[in-house]
Amino acid sequence: MKKHDQTTTANLLEIQDLSVHFNTQRGVVKAVRDLSLTIKKEETLALVGESGCGKSVTAHSINGLIPVPPGIIEKGKIIFEGENLLQKTEKEMQHIRGVRISMIFQEPMTSLNPVFTIGRQIADVFLTHHDIPREEAFSRAVNLLDMVKIPSPETRAKSYPHQLSGGMRQRAMIAMALASPEPGLMIADEPTTALDVTIQAQILRLMVSLKKRVGMSLLLITHDMGVVAETADRVIVMYAGRKVEEADVYSLFDKPAHPYTLGLLNSLPSNRKYAGASRLEAIPGTVPDLLTINDGCPFANRCPRAGDICRSVFPGETPLTEHHSVWCHNHVR
Amino acid sequence: MLSYILKRIGLLIPTLLGVITLVFFMISLSPGDPARVMLGERASAEQLEKLREDLGLDRPLHQQYFSYLSRIVRLDFGKSITTGRPVIEEIGQLFPATMELAFFAMLLASGLGIIIGVVSATKRNTPLDYASMIGALFGVSMPVFWLGLVLIMIFSVGLDLLPTGGRMNIRLYMETFTNFYIIDALIALFRKGDITYLGSALKHLILPAAALGTIPLAIIARTTRSSMLEVLKQDYIKTARAAGIPEGKIIFRYALKNALLPIITVIGIQFGLLLSGAILTETIFAWPGIGKWIYHSISARDYPAVQGGIIIISTVFVVINLLVDILYSVVNPRVRLS
Amino acid sequence: MNDTLIVKDPTPFQEILHELSKNKAAVAGLIIIALFLLIGILAPLIAPKDPFAQEISLRKLPPFSPGYILGSDDLGRDMLSRLMYGARISMIIGVISVGIAMGSGLLIGVTAGYIGGWYDRIVMRLIDIMLAFPYILLTIVIVAVLGPSLFNAMVAIGVSQIPRYARLVRASVLAEKEADYVTAERSLGASPLSLMFLSILPNCLAPVSVQATLGVGEAILSSAALSFLGLGAQPPTPEWGLMIASSREFITNAWWIVTFPGLATLLAVLGFNLFGDGLRDVLDPKLRE
Amino acid sequence: MSDKSILRVQNLKTYFDVHNERGEKAHLKAVDDVSFTIREGEILGVVGESGCGKSTLGRTVLRLEEKRGGTVMYRETDLFGLDHRELRAARKKLQMIFQDPSSSLNPRKKVSSLISQPLKIHRTGTPEEIQDRVDALMEEVGLNPLYRRRFPHQFSGGQRQRIGIARALALNPEFIVCDEAVSALDVSVQAQILNLLLDLQDRHRLTYMFISHDLSVVEFISSRILVMYLGKIVEIADKKDLMKNPLHPYTKALFAAYPDADPKNRKEDRMLVMGDVPSPINPPRGCHFHPRCPFAKPVCTEVYPGNTNAEPGHTVACHLYST
C-alpha cells in the first residue's frame, strides 16, 4: 500500500503490448494489437475511436471480462498497482474487480438485473466485500443513491430497474460502481451513448465531480469527440485495433498529428471550420475487415498521405512533444 | 396486478364455453347413434325411440345444446352408459389417482430437469453437458407407452423388483379418505404405525411416474439449459461480475431467478399435458385414473363419460395455465408492477 | 472500392447450408432422416419378405434366426420387413400431418397478424379454445369423432398442430410488421398482399421450418400413440405403434417383438429432433456467436 | 430555394392507444396539434430528444401512420383524402430514408431487387431499362454496380445506407423524409453520407425533412430548424436565427447540453436542465417543459402557451415571449 502514497502522478494502471484475438467461424479477428497505455492516479484517460477499433475489448481485458474462448489474450501485460492482472486467478480477479476496479456499461437498461431492486443490487456489492449486516448494506446503498443525486433515494432503492428512466438507471449503475470499498479505477464503456443529450450532460458532470470527490481514475471509452473534449485529461485514439495517436486533450484537438485523427475531427459537423461551409471533409472508404488485415498501417487504404511503406509496415512511435506521440510514417506537421 | 388477475379469469369463461361447445357439437355430430350403442344391436325400434326421447335426442340440436349447458353449469354430466353411475361421481373417484401420478411425475421431472439444465449450462461444452443433452434428446424422442413397456420388461419381468401395474398390492386393504394413496398411506402409517401401505403405494408409483415424467424431464432440462445460457449472456451478469460478485452467487441467485421465468411457463404447460399423457401411461400400468377411464369410454362409445372427461381435463389444464401465468407475473417484477 | 472483394458471394440459403454442414447434430439428424426416407421409399424392393405373410410354424423366432434377422412376430411375420414398411407409413404420416398443420397455420397466422383487429381477435380466440385441450387429448377427440383409421389419425394430428404454427407465425408477423423494411416498402407503394406474402412471410419462415422439422417427429410419435390406443392404423398394417400395441402380451417371453418397433420409432423421431435442433442453432441469430 | 411550399401541415395530431402505469387505456400523443410548412428546395431540420414525436411526425406527413386530426397538404392535394390508388401514385414523389439501414432493407432480397422494387411496383419500364436504372442509381450513390447481386448483410453500415438512398431516389421523388438517416453510422461515414445527401439535393432539386436527435448534424445540414418537445413544436426558425438567438428555454438547454468538440470551450459552469424527460403518455399540465424550466411562471403550470412570432420567420411557444 506504500506505493499509493508516492507522487500523485504514479501510474495506477499500465498496459504493455497487449494483443487480443477472437476466434470466430470465419477466422481470427485481431481485435487489439500491440497496445500500450498508462493511466495515472486521478486522471481521466479517454479511449476514442469508431466501432470495431478495439476500445471496448481493451476495457474488458483490464478486468478479465473477455470470454475465453472465443477470446485469447495473445500477449502483453496489464499491470495494476504493480501486479500483472493477467496472471491472477479468477478468484483473485473477483476481488480486484469488486474492490479496486469498477465498470459501467453503455446500456443501463440491460446492465441492471431486472428481478432485483436497485437497492438490493447495490447492497449485494457491499455484502460481497464487507462483513456487515444486510440492513447496513442497504442503508449504505441508499447513501450512494443520494450521492449520485437520485431524488428520494429511500423509495428509489426499492424500485426495480424498469421503473426508472434511462438517466436514473445510469446513475444507479454509477452508484453500484462506487460501492467498491476503495474505488481506484472506474472504467466507463460508452456511458452516455444510450442517453439523450440533456441527460448525457448531467451524467458526465456527475462522473467528473465524483471522480474528484472519491479520488479515482477514470478510463472513458467513447466514440464521441464532444464527450472527449468535455471530460478527458489525456486521449488515446484507436483505429482498427491499433493505437495511432496519444496526447493531452488540448494538443490533440489543437494539433492532431495522425491523418485519421484529423479526418475524424474534420468529419464532425460541429467543427468550427464549417461555419457557412456546404460540405464536410469526410474520410473516404470504410474500415478494413479485421479478419484480413495485414501488418501495415490499418488506415493506409483510406489515407491521403499513405505511401508504399504504410501498406507493409506499421510505424513506430514518433514523439512530438512530452505529452504527444503519433504512430504514422507521414504525420501531419 | 389484481385487475390483471381478474382480467385473466374473465378470459377463462369464454374459453371454457368454447371448449364445452366444441365438445358437445363434435360428439353430437359424430357418426353413430348413442341409443343404439347403449341398447346394443338387438334393440327394437320402439325401444330406441323411447330411449332417444328419454335422452332428449329427438329434440332440435340447439335445444339439446342449451339444456346440456344448463346441466353442466350444475356439474351434471349425465350418467355413464357403461356403468350407469353419474359421470361426475366417477370422475371424483378417479381424479385423485391421476393427480397423484401427475404430481409425482412432475416433481421428478422439474427437480431433476432444473438441476440437469443448470449443470449443463454452467459446464457448457463439456462431456457432462453433451451427455445430459443427448440423454434429453432421447427423452423427447421416446414413445412413452413403449418406454412404459420396456420399464415393465426390465424392472418387473426381468429383475422382479417392482409391480407391473395398479396402485397397491391387491391383497392389502387400506382405508381411503382422500383417494390420494400416498396421503392415505401416510395416515395409515400414523394411525396404525404400519408402513407396508406406504411402501406398496410408493413401489407402485415409481414406474408409471418415471414413464410419465420422462418427456417433461427432458423438455425442462433443455429449457433450463437454454434459458440459463441466454441469461448468462446478459449485460447484468457482466455487471455483477464486474462488481466482483462470486460466480456461485451469480449463477444460483442472479441468473437462475431470471432463467426460472420461462421455466415456470414450461412446467405449467407440461403439467397440463401430463394429464392427457396419463391416458397412455395409465393404460399400460393399469392405473385406475381418469386417463384409462377416458380411453375405455372412447372404446365403448360412452358419450356422456367422454364429454365429461374431456371437459374436466381441459378445465384443469386451462386453470393450471392460468395459475402459472399468475405465478409468473408474481415472480417477474416487470409484469407485477406494470 | 475494393474489387478483390467481388468473389461469388453466397446467398443466405447457401450460408445456412454451409452452417448446417458444420453442425454435427444437424448432420447426424439428416443422415438418420435420409436413411428412414430411403428405407421407406425402397421398402417394396429391399424388404426380404412380404410384411403380411404369416408363417404359423415360424412364430416368435428370436433375432438372427435363419431368414429372419430381427426375428418374427407372434403370427410368424418377418419383423425386419414389417419395420421397413412401417418406416414408409411413418414418413407419410409425418409429411401429411405437418403439411396440413403448417399450411393452415401459416395462412391463419399471416392474415391474423397482418390484418389484426376483429379478425385477429376472433381467430385467436378460436385458437385459444383449441389450445385449451391438451394436445394428445385433442387428437384423441378428433379421431374419436371421425372414426379410427390411419388417415383420420393424420388429419387429427394435423389439425391439433395448427395452433402452434398459427401462433408462431402470428407472433413473428407482428414483430416483422413493425420492422423498418416493411414501412420502407409500404412507403414505396407495395400492396398489402405483396407485403404479407412476399416481404414479411419469408422473414418468418426460420422458426416455422424448425417447428416443422420437430413437428414431423412429434407427428410420428402421436400416430404411434393413436395406433397403440387402437385409434389409428388398424391390423394388420405394419405401423410401429400398432406393432408395439399387439406385442404387449409378449413382454414376458419375446422381448424383440416389443423392443424393435419402439427403437425404430425412437430413432426416426430422434433424427428429426436432431435436425430440428441443429436448424434452430443455425437459424436463430441469438444463439449464434 | 423558393417561397413556394411543398408541404403544409396543419394542426396535425397522431395519437397511439396505449396503457398507462395503472393499466388503463390512454393516448400517447406522439404528435399533438402541430402546424408548419416546408418550402420547396429547403432542408427542414427537426430536432428533439427521444420520445418527442419527431419520427412519428415524419411518418405521419408521409401517411405511414394514421392521423387523429389535422391536415397534410402536399402541394394541392390532401394526402389523407386520397384513396389507395391515388396514394400509391403520390408515393412516387414522397420518399423516406430510415435510421437503421440494416433493418430498413429486407434481408432476403438482393441489392438489385431492393433498388428495383419501387420501379417494379410502379411499372416503369422493361426489365432491361430497370436493370440499367439500377446500375445508374448505384453509381450515383457511390456503390459499385458489380455488387448488385449481394445481400444487405454483406455491406458495411455506410454502404447499406447508400442502398437505402438509391432506392428512395429510384422514382425521382421531390420530397424525402430522412429519419435519423445518419444516426447509426460512425462519424467518418456519417460525414460521407451527409455530403452525399447534399450532393443529391443539389443535383435533383430535392426537399428534405431531416429528423435527428443530433444537434450538430441538424445544425450543419438544415436551412431551417424545428425543435420538438413531448409532441409539440416549441420553436421554429431559420438556422442562423436559431443559432444566434435561441428563445425557448428548452432550445437553450439543448444547446447548452451539447458537448463542444473543443476542450478550450469546456462549459463547466454552464446551466444544465435537471430532471428527466417526462413520459409522453402523461405529459405535465400546461407547458410540458415547465417542471424542468428555470424560468417557469405560475401560468406555465396551467396553460399551454400559444405561438409567438418573435421576429419574422421565428416562432416560439413560450409564455416568456407572449404579449
Side-chain angles (χ1 to χ4, degrees), chain A residues 56 59-60 62-67 69 90-118 120-129 158-163 169 172-173 175-181 183 186-187 189 194, chain B residues 1 4 114 118 121-127 129-130 224 226-265 267 324-338:
Chain A
S56 287
H60 283 88
I62 296 172
N63 58 9
L65 289 179
I66 297 276
E90 176 57 33
K91 241 276 111 72
E92 290 167 329
M93 271 316 288
Q94 258 172 32
H95 184 71
I96 290 168
R97 280 206 285 262
V99 177
R100 298 289 287 147
I101 304 178
S102 51
M103 185 150 184
I104 53 180
F105 299 93
Q106 174 175 355
E107 282 293 339
M109 179 69 235
T110 56
S111 301
L112 289 164
N113 198 323
V115 298
F116 296 118
T117 62
I118 57 166
R120 161 91 188 272
Q121 290 182 56
I122 299 170
D124 263 357
V125 182
F126 279 119
L127 290 171
T128 307
H129 303 296
K158 294 185 191 109
S159 301
Y160 288 90
H162 74 273
Q163 295 172 303
R169 281 185 214 126
M173 278 295 297
M176 201 163 155
L178 292 173
S180 301
M186 183 188 278
I187 303 172
D189 188 359
Chain B
M1 184 61 200
Y4 169 79
I114 291 175
V118 170
T122 49
K123 305 264 178 242
R124 195 184 177 189
N125 294 342
T126 61
D129 176 29
Y130 292 135
T224 307
S226 62
S227 171
M228 274 301 275
L229 287 178
E230 185 62 36
V231 169
L232 286 173
K233 268 192 297 196
Q234 297 299 314
D235 284 348
Y236 53 80
I237 297 299
K238 215 160 55 173
T239 308
R241 287 202 178 120
I245 309 269
E247 194 62 22
K249 194 171 173 181
I250 289 179
I251 287 167
F252 288 104
R253 282 261 295 287
Y254 279 52
L256 190 58
K257 191 166 177 195
N258 281 284
L260 273 177
L261 294 171
I263 301 171
I264 289 174
T265 311
I267 288 179
V324 166
D325 273 5
I326 292 173
L327 182 67
Y328 180 92
S329 60
V330 169
V331 178
N332 188 350
R334 275 173 152 155
V335 182
R336 179 180 0 135
L337 300 167
S338 64

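Residue numbers start from 1 in every chain, and the chains themselves are labelled A, B, ... in the order their sequence lines are given, proteins ahead of strands.
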Option that, when pairs with chain B are counted at under 4.5 Å, heavy atom only, ranks first among A:R120, A:E107, A:M176: A:R120
Residue pair B:K257 / A:V115: nearest heavy atoms and the distance that separates them: NZ-O, 3.7 Å
Interchain contact, A:I101 with chain B, by part (heavy-atom threshold 4.5 Å): backbone
Nearest non-hydrogen partners of A:T128 and B:G244, listed with the distance: CG2-O, 3.4 Å
Close side-chain approach of B:K238 to A:M103, heavy-atom, < 4.5 Å: no
Among A:Q106, A:H95, A:M93, A:H129, residue most engaged with chain B (heavy-atom pairs, under 4.5 Å): A:H129
A:S111 backbone acceptor or donor facing B:T239 side chain under 3.5 Å: yes
Spacing of A:M173 atom CE and B:D235 atom CG [to the nearest 0.5 Å]: 8.5 Å
For chain A, the option from B:L261, B:V231, B:I245, B:I237 that forms the most heavy-atom pairs under 4.5 Å: B:I245
Interface moiety of A:L65 toward chain B, non-hydrogen atoms closer than 4.5 Å: side chain
Side chain to side chain contact (heavy atoms under 4.5 Å, CB included), paired with B:P246, selected from A:E90, A:Q94, A:K91: A:Q94
Partner residues of A:F116 under the ring-ring contact (aromatic ring centres under 6.0 Å, His included) criterion, sequence neighbours left out: B:Y254
Salt bridge (Lys or Arg N to Asp or Glu O under 4.0 Å): pairs with one or both residues in residues 243-252 of chain B, sequence neighbours excluded: A:D124-B:K249, B:R241-B:E247
Option that, when pairs with chain B are counted at under 4.5 Å, heavy atom only, ranks first among A:H60, A:Q121, A:R97: A:R97
